[in-house]
Participant: 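Handing you a structure now.
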Amino acid sequence: MRLGEFLGEPCYAAPMSETNERAAEDRYEPATLEPKWQAYWEAHRCFEAKRTPGKPKLYALDMVPYPSGSGLHVGHPEGYTATDIVSRARRMQGYDVLHPMGWDAFGLPAEQHAIQTGTHPRDTTASNIATFKRQLKSLGFSYDWSREVDTTDPGYVRWTQWIFLKLFEKGLAFQSEVPVNWCPELGTVLANEEVIDGKSERGQHPVVRLPLRQWMLRITQYADRLDAELDGLDWPETKGKQRHWIGRSEGAEIDFAIEGHDATMTVFTTRPDTVPGVTYVVLAPEHPLVAQITTAAQREAVSAYLDVTKSKSDLERTELGKTKTGVATGAFAVNPVNGDKIPVWVGDYVLAHYGTGAVMAVPAHDERDHAFAKTYGLPIVQVVRRADGKAHDFDAAAFTDDGVSTALRSDAKVAEGTPSAEVRKQVIAWLESEKRGRKKVTYRLRDWVFSRQRYWGEPIPIYFPVDCDGDPRAEGAEYKVRYDKPIAVTESELPLRLPELEDYRPGEDPAGPLARAKDWRFFQKDGQWYARETNTMPQWAGSCWYYLRYIDPRNDEQIFSQEAYDAWMPVDLYVGGSEHAVLHLLYARFWHKALFDIGVVKHAEPFHKLVHQGMILGENGEKMSKSRGNVINPDDVVKSHGADSLRVYEMFMGPLEAVKPWQTNGVEGVRRFLDRVWNVAVAATKSGDAAMDDETKRAVHKTIKKVTEDVEGLRFNTAVSAMMILVKQLQALPAVPKGAVEPLVLLLAPFAPHIAEELWQRLGHGESLTYAPWPTFDAALCEDAEVEIGVQVNGKARSVLRLAKDESQESAVAKALADAKVTAHTDGKTVAKVIYVPGRILNLIVK
RNA sequence: GCGAAGGUGGCGGAAUGGCAGACGCGCUGGUUUCAGGUACCAGUGGGGUAACACUCGUAAGGGUUCAAGUCCCUUCCUUCGCACCA
């Protein structure tokens, strides 16, 4: 019998003429139905986050987007759909849900647009936000828009500045004149994290190191906690990236006396066990001792070397790092454990900004030292041998692993054959007792350069006294800003707003464009002139704490109320791109810990569970970009197939975390699935109350179980697959029972909320399904009493048997031996062994 | 170079150590249609067969096991981080 023969009314395989007669209202038309439900949700404020005592809560957070001029990209809805599904499912499961959205809207593009067109960055930002918001709304995300946050809003900036003042009070914000990453092209300094291979992360412009007065945040003070407290977090490999960036390293600082000088040079090493093998020491070219100790004979060679080094950019110094260069200073140091006289060299493979800017060289046990020693003919002295006794060719390469000590010529007595780890302890103890060194932990992490020479950012709420005769604003006035005497703006005067400017261009002047707003910059109080800080905060500032403002976004009295904090924090699920692994996510953790220390927040960590959605590539498998012409615009997909199809497709593509290419045919496949859901559900509304057979009932319960568990585990692709299977099965029924369709519609709702609402209504429900109870499953119905299990003979699959789930072994074997496909392989042989796992496998071993 | 993740049909991808390839795309055939499209039905890893049978298959090679995509070892490749961090 073919299916078409017993399908009665309503018929989805109906002939054309009948289809045409079918009422328009019976067709699935996302273009009319989606705006209808979006308007409904908005009018009924369905997603406003409210807290009810006793109920569990979910704080599901998307990384705050930068509203760029090009609008939403298909990558955005991927993570947003994931958090939306979890939010919607949890609402149905009785959770109070906070699911907010906002704008990280300070930043360079709007400022550059302003330079080119004269449009105020505020206007550009507002129109970009409007575009983003329209697009996000068209996708049906269940955000509580009443909590929308904009980092450029004065009501928000006020609290960003407030946090800065707290950091300033605690000594965590300070000024420093250190070499920083100055990018002439962008007219600003950049954080270490924003410089990649000597170029700006944004725009790939060259970056040079210049000493400039800067505001810094003392993130290094939190290095240890930022590292250690990653432990309890449910985060992916990002933890490892942060650990590496923080770069905690345990070792010792060791002092080397310099012959003929009072000065000692201090090195940091993780291998104090190799000190007896030190055959020379190396200073970074920038090290202050270089000038002091260089001998007359070497002066010329050293200064020539320093000149060459200076002319190299950071990029060249690291890229050409294969051959190590250096020059002897002519001075000698004394090995602190055996008194050996060893030469002091200068070499640019030693980094001025790590450790002490000086290293002890152990060519036998460090690759870099080995290469350097080979180049300049310096001695190689072995002090560690392999624990397994195997030989090592020290002429060819360094032996860098731990091993055991050789007979050492050392005043720090260590027994021959002691394991390296133990030697380290003993040597450190000896150095400490001799006051020639000490145990030390260093970090790769640097303090955070926090000022930018830009307009479109939060003004730093600090001002300075000005030494000046008369009005410093006067043309040609001479004045001196006393940067050594920073004064905090009074809290009640916050927010400190940006001045209006004619010209947003960065100057060559590192004071930045705000310095040109003289009436804003200078002010007089009690006869004394003062100057405001003209640098602004980096874009990261606003996104460091936005998740805290969502919990109480309109509070004018406090950053947020304690009740709001207790109601919603911490963030339960945080989804965003992995490109923020060491930038935003580290900065935000740092601010959170600083706020924790002053009692503003109550958890040491803000984000409990973190997930990075994988990038969506173009159809050709390449990264989407305008220049490659492979960009998919979500607006177009919404227009052609609807928001629900876009959402479901993006979830169906593959695992959330995976990088995966877009396939337009795939969207069409999902659209067909939604069409089938529609047809099946509409059929159910007309089929009266068809009874549900046992098999259908089981299928429904299995699907509920699968989708429930997959949503929990963020395995959305397999959840969609499970629903597809159920729909196929329902579609084949002569009459579709409402009792099967209703749970299906509820399961689908978080994924495809518009079609689900529409069908829910058509199934006779008067209210939105936003808070309809999530379907539950009966575990007993999820397991079949009878299952098909594979029958193997000698490990090879030979047949399939339908057996009771708990069929006894005797019975199973008997049934197998009654099967011709099995006996074909067992005849004439004896069954030597039976492996039987009920419900899984039957394997007969025959001889 | 170091670190992490991974390599399964034509494609995206499924598989608590238990019938590999769920689901979707694509493709083939069919029904409906004047036709195309849609919708629906059937098929779709390779070899082999009229059809079965059988056989080979999860990057390559070895191992553990009654049984390996899954566990272990070696090698190759891909992607993503980091890259003189002493």
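Lettering of chains follows the sequences in order, A, B, ..., and the numbering in each one begins at 1. The figures here come from the full heavy-atom set of this structure, side chains too, leaving out hydrogens, waters and symmetry mates. Predicted, not measured: the structure shown is a model, and the values here were computed from it.
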Participant: Have a look at A/His612 and say if it touches a base, only the backbone sugar-phosphate, or nothing, with a 4.0 Å heavy-atom cut-off.
Facilitator: nothing
Participant: Please determine whether a side-chain nitrogen of the Lys or Arg among A/Asp675 and A/Arg671 lies less than 4.0 Å from a carboxylate oxygen of the Asp or Glu.
Facilitator: yes
Participant: Heavy atoms only, 4.0 Å cut-off, all strands: where does A/Gln792 land among base, sugar-phosphate and nothing?
Facilitator: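 Base, at least one base heavy atom under 4.0 Å.
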Participant: Looking only at atom P, what distance separates B/rG3 and B/rU74, rounded to whole Å?
Facilitator: 13 Å
Participant: If a pair means Watson-Crick or G-U wobble with both distances below 3.5 Å, what does RNA chain B look like in dot-bracket form, with | marking bases paired to a different strand?
Facilitator: (((((((..(((.....[....)))((((((.......))))))(((......)))..(((((..]....))))))))))))....
Participant: Taking B/rC77 as the reference, what is the distance to B/rG61 when you measure between their C1' atoms (whole Å, please)?
Facilitator: 15 Å
Participant: Sticking with atom P, work out how far B/rU58 lies from B/rC71, rounded to a whole angstrom.
Facilitator: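 My reading of the P atoms in B/rU58 and B/rC71 gives 15 Å.
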Participant: Under 4.0 Å, heavy atoms only, any strand: does A/Gly247 hit a base, just the sugar-phosphate, or nothing?
Facilitator: nothing
Participant: Rounded to whole angstrom, note down the P distance from B/rC25 over to B/rU78.
Facilitator: 33 Å
Participant: Scan A/Asn665 against the nucleic acid and name what it touches under 4.0 Å (heavy atoms): base, sugar-phosphate only, or nothing.
Facilitator: sugar-phosphate
Participant: Does A/Asp402 pair with A/Arg424 as a salt bridge, N-O distance under 4.0 Å?
Facilitator: yes
Participant: Return the nearest nucleotide to the side chain of A/Ile841; candidates are B/rC23, B/rA86, B/rG18.
Facilitator: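 Among the listed nucleotides, the one closest to the side chain of A/Ile841 is B/rG18.
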Participant: How far, in whole Å, is B/rA5 from B/rC19 if one measures between their C1' atoms?
Facilitator: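 Between the two C1' atoms, the distance is 30 Å.
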Participant: Give me the distance, rounded to whole Å, that separates B/rU79 from B/rG63 when you measure between the C1' atoms they each carry.
Facilitator: 29 Å
Participant: Using a 4.0 Å heavy-atom cut-off across all strands, classify A/Lys821 as base, sugar-phosphate, or nothing.
Facilitator: nothing
Participant: Please report the distance separating the C1' of B/rA50 from the corresponding atom of B/rG45, rounded so that it comes out in whole Å.
Facilitator: 22 Å
Participant: What about A/Lys324: does its side chain form a donor-acceptor pair under 3.5 Å with the base of B/rC84?
Facilitator: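 Yes, the side chain and the base share a sub-3.5 Å donor-acceptor pair.
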